[in-house]
Amino acid sequence: MEAQRDQWATKLGLILAMAGNAVGLGNFVRFPTQVAQNGGGAFMVPYFIALFFLGIPVMWVEWVAGRYGGKYGHGTLGPTYYLMARESLKPRSAFWFGVISGMLAFSLTVLLNSYYLHLIGWSAAYTYFSAAGSYFGQPTGEFFSNYLSNHGQVMLFWGITVILLAIAVGQGVSKGIERWVKVMMPLLYIFAILMIIYIFTLGSPVDPNWSTIDGFRFIWTPNWSYLGDHLWQVMLAATGQIFFTLSLGMGIIQNYASYLGPKDDVALSGIATVSLNEFAEVVLGGSIAIPLATAYAPKIVPPDVLQQGKTAALEWIGQKFGLGFSYTSLPNVFVSMGDIGRLFGALWFLLLWFAGFTSAIAMYNYLVAMLEEDMHIKRSVGTWVIFLVYLIAGLPVIYINGYMDQVDAWVSFQLTLLAFFDIIIAVYLFKPDNFWRELHEGAWIRVPEFYKWVTLYIAPLLLLIPMIGYFKPLVQTTLEWPARLAIILMWILGAIESYYAIKKKYKEELDKNEVI
Ligand code: PHE
Ligand code: NA
């Protein structure tokens with residue numbers, strides 16, 4: 001076994017860090033968007049199916065894999081998945097599974113962060129703009145595009161965010177990350193709850209025909225006919241959301257779990273992570289953007305659409321929802337609230353900032369761990385190396401139109417691919433019985449036996465939905481050369497990195513190539 005690795009100092013810190021990892025922009029922006037675009041209550045049915053039969057089992061798989069890698073001093077996927085695949089393959093075959101997993105994880109993390117960090121930066125900017133009332137009395141769509149075209153300002157808020165991230169990660173896992181999330185996560189939940197209490201008192205703030213209740217009804221009334229008419233599309237959206245929101249298929253759950261002791265519980269902790277994320281998604285994320293949008297519908301929906309009645313207006317809101325919605329339509333809502341809207345808007349964007357920050361910290365740590373463990377670069381130096389990588393990777397997002405959407409189309413597909421690798425390597429090649437035994441090593445609960453079957457057969461089948469679904473638009477999207485170049489470059493770097501990381505450490509057994 002390796003020299004002493006950093007470990008989580010407290011159980012609470014670990015759980016909050018994992019919750020912070022999972023709870024992100026996905027909960028407060030992406031979730032309401034997916035609900036709104038996929039028939040409201042129609043979406044929730046496949047959503048819960050995907051949660052129980054895909055999200056929960058894959059979460060356990062990643063916790064098990066992470067703690068296993070940590071035992072041997074690894075917090076990155078390359079060496080960890082090499083070791084797991086070696087349980088059924090000869091070292092030289094297992095080697096390639098390690099290399100490819102490491103490559104996928106590295107390239108995903110850098111590519112996703114090229115824009116995720118910018119989105120977090122926008123939230124920082126809008127926290128300030130809301131508190132200062134900057135967009136009050138202005139057309140909010142125009143205000144947003146002016147903000148985006150002011151590159152200096154965009155980089156300023158990006159910089160503030162990423163420097164703080166670098167500081168937190170530079171301090172290490174127990175002394176840095178754990179301390180930061182212990183402050184940020186409770187605040188995040190408190191902010192959300194305060195906002196929801198206020199939302200419950202709103203009723204019909206502008207027009208007796210429109211209230212917050214319309215929003216809740218839209219989400220919570222199962223819409224079977226919509227589901228029947230758009231079955232594939234809604235199932236795809238739901239399985240894709242489960243994945244994204246739980247931070248699966250990235251390597252970062254494994255990375256956090258690698259800082260556990262070898263006998264620390266993973267079974268209950270995995271479920272706790274899922275529960276905290278789902279509370280922050282379904283209960284909190286579902287009670288803010290959509291109910292606000294319906295309560296203030298007359299302020300955001302164009303008059304001619306409003307005249308066509310509620311269904312038409314809800315449909316309009318559904319189509320409008322998306323990334324821009326938070327930065328263009330919701331600010332109109334805050335403006336309509338009057339003075340309290342400044343406070344409310346600032347709370348909303350600060351909440352988004354915390355949510356994004358605590359997810360970004362996990363991805364940042366993955367890359368720093370890679371430099372630290374695989375390449376022996378000191379954490380204090382590695383942190384700033386990654387800062388530069390992020391800086392360069394983020395530039396095309398600002399300067400090249402369409403780059404973000406192209407990269408995002410690819411990232412969505414690659415996430416599902418890596419989750420598929422999770423199951424193939426950490427369950428099938430590692431051997432299902434080993435997986436099941438590891439899951440119960442030091443466990444505080446017993447997982448019902450039937451979940452073993454869910455993990456083996458149902459989860460990979462459900463996973464095929466987003467794998468196929470995300471592949472189609474990807475083939476239809478024209479990846480222009482900057483996006484293509486970035487993707488290929490990250491693969492090459494990731495492959496080289498994991499190739500040497502595994503080679504260096506396991507040279508002897510690779511040379512012998514005997515079943516171990
Ligand atoms: N789970 C995070 C969210 O909900 C997003 C995320 C996905 C972060 C994948 C890292 C990796 O926003
Ligand atoms: Na999430």
Side-chain angles (χ1 to χ4, degrees), residues 15-35 47 50-51 54-56 58-59 62 66 76-77 104-123 161 165 169 177 181 184-185 188-189 192 237-257 270 272-286 288-289 322-323 326 351-367 369 390 393 407-408 410-419 422 466 470:
I15 295 296
L16 289 178
M18 281 287 195
N21 181 336
V23 176
L25 301 177
N27 299 53
F28 297 95
V29 178
R30 199 176 188 279
F31 173 74
T33 303
Q34 296 297 321
V35 176
Y47 179 85
L51 172 64
L54 175 62
I56 292 175
V58 178
M59 180 62 81
E62 297 202 347
T76 58
L77 284 199
L104 291 175
F106 169 83
S107 59
L108 266 175
T109 308
V110 177
L111 293 171
L112 180 69
N113 273 293
S114 65
Y115 54 92
Y116 199 76
L117 292 172
H118 274 295
L119 304 186
I120 305 171
W122 299 355
S123 309
T161 304
L165 279 168
V169 174
I177 298 176
V181 296
M184 284 186 169
M185 288 310 287
L188 179 151
Y189 284 100
T239 46
Q241 175 62 19
I242 279 300
F243 233 86
F244 187 88
T245 191
L246 292 173
S247 297
L248 301 173
M250 260 320 261
I252 54 178
I253 299 286
Q254 292 95 323
N255 175 258
Y256 270 10
T273 311
V274 172
S275 310
L276 283 168
N277 182 71
E278 290 312 305
F279 176 70
E281 177 141 306
V282 172
V283 179
L284 304 180
I288 303 177
L323 201 51
S326 292
L351 168 100
L352 291 189
W353 190 76
F354 280 179
F357 192 96
T358 51
S359 297
I361 228 176
M363 294 187 270
Y364 207 133
N365 191 67
Y366 184 92
L367 295 174
Y390 278 166
V407 174
D408 183 61
W410 177 261
V411 164
S412 306
F413 172 70
Q414 197 174 311
L415 279 172
T416 59
L417 191 63
L418 186 52
D422 279 347
Y470 287 153

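Remember, it's 1-based here, ligands and their atoms both numbered in the order they're listed. Below, each value reflects all heavy atoms present in this structure, side chains not excepted, and no hydrogens, waters or symmetry copies.
Tyr256 and Thr358 get closest at one heavy-atom pair: OH-O, 4.5 Å. Closest of all the heavy-atom pairs between Thr161 and Ile120 is CG2-CG2, 3.7 Å.
For the Na ion (ligand 2), the nearby protein N/O/S atoms, meaning those under 3.0 Å, are Ala22 O, Asn27 OD1, Thr245 O, Thr245 OG1, Asn277 OD1.
Atom CG of residue Leu54 and atom CZ of residue Phe243 lie 6.0 Å apart, to the nearest 0.5 angstrom.
Pairs passing the side-chain hydrogen bond (donor to acceptor under 3.5 Å, both in side chains) check and including a residue from residues 16-28, sequence neighbours excluded, read Asn21-Ser247, Asn27-Thr245, Asn27-Asn277.
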Residue pair Asn255, Tyr366: steps toward the side-chain hydrogen bond (donor to acceptor under 3.5 Å, both in side chains) verdict: CA-CA 6 Å; Asn255 175 258; Tyr366 184 92; over 6 Å; no
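Leu415 is not listed as a side-chain neighbour of Tyr470, based on a closest heavy-atom distance of 4.5 Å or more. When side chains are defined from C-beta on, Asp422 counts as touching Gln254, because their heavy atoms get closer than 4.5 Å. The shortest distance between side-chain heavy atoms of Met250 and Leu112 falls below 4.5 Å.
Scanning for side chain to side chain donor-acceptor pair (under 3.5 Å) contacts around Gln34 gives an empty result, with sequence neighbours left out.
Residues with a heavy atom under 4.0 Å from ligand 1: Asn21, Ala22, Gly24, Leu25, Gly26, Asn27, Leu112, Tyr116, Phe244, Thr245, Ser247, Met250, Ile252, Ser359, Met363.
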